[in-house]
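Per chain, numbering begins at 1; letters A, B, ... match sequence-line order.
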Amino acid sequence: MKSSVGDARDLPEETLLGLYRVMQLIRRAEEVIADLLEAGEIKCPTHLYIGQEAVAAGVCAALRADDIVFGTHRSHGHYLAKGGDLDGMMAELLGKETGCARGRGGSMHLVAPEVGILGTSPIVAGSLPLAVGTAWASLLRGDGKVSAVFFGDGAVEEGVYHECLNFASLKKLPVVFVCENNFYSSHLILSERQPVDNIHETAGVHDLPGFRIDGNDVVQVFDTAKEAVDRARAGLGPTLIEARTYRWRGHVGPNWDLDKDIRTEQEVRSWMEKDPIKRARESLLGSGVSETDLRQIDYEIEDEITRSVEFARSSPYPDATALADFVLVP
Amino acid sequence: MKSSVGDARDLPEETLLGLYRVMQLIRRAEEVIADLLEAGEIKCPTHLYIGQEAVAAGVCAALRADDIVFGTHRSHGHYLAKGGDLDGMMAELLGKETGCARGRGGSMHLVAPEVGILGTSPIVAGSLPLAVGTAWASLLRGDGKVSAVFFGDGAVEEGVYHECLNFASLKKLPVVFVCENNFYSSHLILSERQPVDNIHETAGVHDLPGFRIDGNDVVQVFDTAKEAVDRARAGLGPTLIEARTYRWRGHVGPNWDLDKDIRTEQEVRSWMEKDPIKRARESLLGSGVSETDLRQIDYEIEDEITRSVEFARSSPYPDATALADFVLVP
Amino acid sequence: MSRQLSYGLAINEAMHQLMERDESVFLTGQGVISPWYVGNTTQGLFDRFGPQRIVDTPVSELCITGAAVGAALAGMRPVVIHPRMDFMLLAVDQVVNQAANWHYMSGGRTKVPVTVRGIVNRGGEQAAQHSQSFHALYAHVPGLKVVMPATPHDAKGLLISAVLDDNPVVYIDDRWLYEETADVPEDFYEVELGKARVAREGKDVTIVATSWLSAQALIAAQGLADEGIEAEVIDLRTLKPLDSQAILESVAKTGRLVVADGGWRTCGYAAEVIAGVATEAHDSLRAAPVRVTLPDVPAPMSKTLEAVFYRRAEHIADGVRAVLGLGRAGSREETDGFAAPGTEVSYAMREAVK
Amino acid sequence: MSRQLSYGLAINEAMHQLMERDESVFLTGQGVISPWYVGNTTQGLFDRFGPQRIVDTPVSELCITGAAVGAALAGMRPVVIHPRMDFMLLAVDQVVNQAANWHYMSGGRTKVPVTVRGIVNRGGEQAAQHSQSFHALYAHVPGLKVVMPATPHDAKGLLISAVLDDNPVVYIDDRWLYEETADVPEDFYEVELGKARVAREGKDVTIVATSWLSAQALIAAQGLADEGIEAEVIDLRTLKPLDSQAILESVAKTGRLVVADGGWRTCGYAAEVIAGVATEAHDSLRAAPVRVTLPDVPAPMSKTLEAVFYRRAEHIADGVRAVLGLGRAGSREETDGFAAPGTEVSYAMREAVK
Ligand SMILES: Cc1ncc(C[n+]2csc(CCOP(=O)(O)OP(=O)(O)O)c2C)c(N)n1
Ligand SMILES: Cc1ncc(C[n+]2csc(CCOP(=O)(O)OP(=O)(O)O)c2C)c(N)n1
Ligand SMILES: [Mg+2]
Ligand SMILES: [Mg+2]
């Protein structure tokens, strides 16, 4: 594990404030989404990211606006951190025509090409090759872009994960592999799926650097991602980051999976104590940012979310006659 | 690389003689097959194993008669070393009803359930999961059998290779993964496909032992395989063996791939000097076996091969009306 | 015979009975110990048969499916579950290249008694990658058998037959049927592979249907009866080998054919049924057959789009009216799905024959 | 227009011209720098365009195909070769789940201009895992276009159109055609996707054929002309979107249909063509249509079995005679393939209508 940089010693205050803002936006947006799920307003399969916010925030802060990101079934955080429009996401979750995927994709298919989010896919490991491909395009064109792909600890069990590391390393592609190890794949804990807990070591056999970091420490995530992104942009090839973190809620939906004999309340609580947002908040307060300033940020976020929900609710559904639009590019 | 055990110090003379016999049988059978290919008598795609004989011989000598083996597109050696019937193989290559697969499979689909060869498949890495499955069956039944699967350095590029190592390690399945690293996958040398030459190290990340050995040293192969098979049989799980070797002939057919700007004559010659059969022969002569004894073995082998070719030639082709036999078990 | 059981629990009971009778049966795949992944179809199995025979797995479809094939080669009778057919695409090499061919290309010297259970799980705004049914793909491949039970009775009996069969069988169940409840015998019984079920007799039109649409076809038939139309409903149950005799006998009687299948239109299973009847019983057909299928469109997300994407009893009824020449204008378009970009069959075809 | 070129070299020329014109085109897949893997279709490309744009690869079909899809998402126009369609099954998730759906499920906000080239390579005793053609599988999937050129002219023009098209296109060429030589314009030209070619006009019967069997259909038609039968031959060229208009116009004229396709019978492409005509133009059909396809059997190895496995001009001619009521007894069985275990369509169907 990399030495902790949990104190923001090298980081300009604005950066940490920005990271805080993004994490808080993700957290609060998802808490509202959880409510909408419970109320039955959102019906599509929805996988909450609460608890993992530091990974998305830290990695995306290390990326340029035109860099490319791919995500998974659990990508609200990636979408928002990369700058995806909240209105578009809320509307998408409600299946509206104004959604970022025009109500064709839902929570598992967020997309925002204007900020480099070329898409997310719930096929486990399915977007890894796509990110390898966009990185390949960047290499061919020399456009200086870096691609980042987020995936879970389950995804490394798909063989294509290794195919991707091998090929990206062989061709020195500008791609950052971000594994969010939250120790669960659906209902199964890591030890029931992999003989050892060593995801970061899989990088070595493919001759690329692999870092294991505290995924709840947004500064450490940011620093490591910066290093990886710089490496990639400098033509030195891919990097693997294993960010260890935890999802507070259950695998899918608003619940906590505590009734299902999968994990203990104690485990959940211990991770809630490592809340990445609380840590960033404390760090900021410690470095002289005032409680009032943070409250102001929080307030703006609430407002933004409220307006997005309003926007989503008042937006129209796709017209049934348009079912066959977008099957093929005309 | 394991320390060389090229001298047969621990090995009973009969064992080394047996290994010599098997290697020589493979070599000579394939040289005759090469002639039959050149003469157009064999028409199916045929991948020669000449140069790699020590791997098949050494590994199969470490297996029990009822242990299970799976192979690839290049499996004449595996078939013969495990005790597959030469008549059945020759007839199969000629597409005859008396072939081991009744003329339905050809060179790439050798099979001999009576000696544990449940099949070979030219889908690169395609038989790895099958061997994991037969090992799984053994674990469930407690039948004490070990499964071994041969594959090339190309197969480790298929993601399923890692899936198989992960799962076999997780469940401690009695399977031995034998990678014959002959440095080429078809026309491409290893360095054009993998960033580093480190196949044996892929075992470590999946928490199983990985050995790199001299695949042209039949005693070293045997010793290592014995260790792996013992481990498996003792319930300690899988082992990976990377046996470094070389195929003398070209990727497919009787030619040498020297005209095609793929490899140099010098490279081929340097490996021919490391001929596993010559080494075994010298070792035997050194340990007091007489030239006459070896000649006697060689003579018997020639005779066996001549009779097999005769058998194959005089056998009938499958009857055209039987095309749809064996599509389904009735 | 009066015990009622749901479709999901019928599958579950089949597994219990198979595993208690036959040591060579084991169950694997993602979610077999999950509280939600495969509905209630595996409940109680882990507690009863333990971690050796009920094996939840890493996210490694290709290895796990191939390992099940390998275990079958070694004489076991594994059942490997794919909680969605969408994910099963990652294992298609082991199903199509390996399992289907192994018996043939070994000249009959090996066999592969594996059951690959693929679950169709769609609707609920799950969108394009969590909705697909690839039964036509597997039905295309020689060496495989393919079944799609439509009732609790057949869910149990076909699973038992699939596991006991010496060939690789792709068993496809549908989450939309899990709550269907009906008579399910408590004993251990088989439903013969390759035999369709005449779910309803009728003289005016033959409806051939698969899986969930078989139940919908019965609903449609009841409604049509009120209009004086007597539809015969054939629930195929086994897609391969196809019980063509049952179809032809019915069409010989009715002269009219509607095929309802939950897959896409182009190269879907409905095409096979119609092509079979057209080539083998052209003279019995008194009107153009109709296919009721998904349009050639990926599964959408939004409920307004889902509402017009899936086919139900009403579309089958429209198809029947159309084949009887009773269709209101436009009904044909609806029942046929419509020409999505990428097919344009129906529009273009109609244009051309004008 | 008088320059002669082989099918293999026509593919090669298309690649040269595409790559010299458009920087966004690159070529990858196994064997693109191999002296034997993909015939002569990639010759000269590496020397001319270098290792950045001509990228031979590890044996990692899924990653490489997905990477091509990703590169296309980023605006490139990659061509990814699978030297055998059998191996392409390992990449089916990226083609079917990802490439086909991405445009749709992003609400049109992304597009995937990738060309996935699958080579059919069969015969020569290669057996079951080195012989398969899965065009029906891809034709089933919305969001994909599928082409199968039958002539050198179309091999070039369709590859150019495929690469320039903004959708994922599965381009399937056949090694049995590589030596076919004919007029191929030297300039850069497209063949419109979705347009069939009337390869021969005739009034008595319509033969709809794909790929290599289109050439065989022409041979059959010539022979039939000597018997006084004028067959119209439609070479589909594009399987999806299907040019149903061309088919229906022809059938409206001839009233008789034979479909020749090199895939398996059940749920194959021939079923789609027949189902389309049966549903849309029933009244034009004056006799039962006939399909000429592979039997539902894995590809065998031995030459004696191969000889009766593949379909050729003679089988098409038999099919035509059968549809015209001129068949000798048994000819229908042959042209229809036969009922292999797993289908039993034709026998059973014939039984039932007796
Ligand atoms: C190819 C494939 N197999 C299985 C699934 C079912 N599935 C959905 S999410 C999930 C868990 C993945 O775990 P992980 O990658 O760790 O991501 P997390 O949910 O923890 O974020 C699984 C197995 C799937 N979506 N795709
Ligand atoms: C899935 C798959 N992809 C590609 C091929 C084509 N192919 C046949 S043999 C071969 C080379 C494999 O190399 P390796 O595994 O090192 O075995 P070797 O030929 O050296 O014995 C390849 C790529 C194949 N048969 N199967
Ligand atoms: Mg996880
Ligand atoms: Mg090799």
**OP:** Heavy atoms only: give me the nearest C/Ala288-D/Ala278 pair and the separation to one decimal.
**Re:** CB-O, 3.5 Å
**OP:** Please work out whether the ring planes of D/His140 and C/Trp264 are parallel, tilted or perpendicular, with thresholds of 30° and 60°.
**Re:** perpendicular
Original post:
For C/Met301, is it the side chain, the backbone, both, or neither that has a heavy atom closer than 4.5 Å to a heavy atom of chain D?
Top reply: neither
Original post:
Of all heavy-atom pairs between D/Ile274 and C/Ala275, which one has the smallest distance, and what is that distance?
Top reply: CG2-CA, 3.7 Å
Subject >> Non-hydrogen atoms of C/Met105 and D/Gln129 that approach each other most closely >> reply: CE-NE2, 3.2 Å
Subject >> Pairs of heavy atoms under 4.5 Å with chain C: top-ranked of D/Ala271, D/Ala299, D/Ala127 >> reply: D/Ala271
**OP:** Using non-hydrogen atoms and a 4.5 Å limit, figure out which bit of D/Gln98 sits close to chain C: side chain, backbone, both or neither.
**Re:** both
Original post:
With a 4.5 Å limit on heavy-atom distance, are the side chains of D/Leu62 and C/Leu90 in contact?
Top reply: yes
**OP:** Using side chain to side chain contact (heavy atoms under 4.5 Å, CB included) as the criterion, list what pairs up with D/Lys253, not counting sequence neighbours.
**Re:** D/Glu232
Subject >> Nearest heavy-atom neighbours spanning D/Gly268 and C/Glu272 >> reply: N-OE1, 4.5 Å
Subject >> Sole residue of C/Val96, C/Val92, C/Leu137 in side-chain contact (heavy atoms from CB on, under 4.5 Å) with D/Phe134 >> reply: C/Val96
Original post:
Going from CG on D/Leu257 to NE2 on C/His282, what distance comes out if it is rounded to the nearest 0.5 angstrom?
Top reply: 11.0 Å
**OP:** Check whether C/Tyr269 gets within reach of chain D through its side chain, its backbone, both or neither, counting any heavy atom under 4.5 Å.
**Re:** both
**OP:** Apply side chain to side chain contact (heavy atoms under 4.5 Å, CB included) to C/His82 and list each qualifying residue two or more places apart in sequence or on a separate chain.
**Re:** C/Glu61, C/Thr65, C/Val80, C/Met88, C/Ala91, C/Val116
Subject >> Close side-chain approach of C/Asn97 and D/Gln132, heavy atoms under 4.5 Å >> reply: yes
**OP:** Among the options C/Ala287, C/Ala100, C/Gly107, pick out the one with the most heavy-atom pairs lying under 4.5 Å from chain D.
**Re:** C/Ala287
Subject >> Approximate separation, where rounding is to 0.5 Å, of D/Thr279 OG1 and C/Arg291 CZ >> reply: 5.0 Å
**OP:** May I ask you to test the D/Tyr104-C/Pro300 pair for a side-chain heavy-atom distance under 4.5 Å?
**Re:** yes
Subject >> D/Ala139 versus C/Thr266, closest heavy-atom pair with distance >> reply: O-CG2, 3.4 Å
Subject >> Per-residue contact mode, C/Ala136 against chain D (heavy atom under 4.5 angstrom) >> reply: both
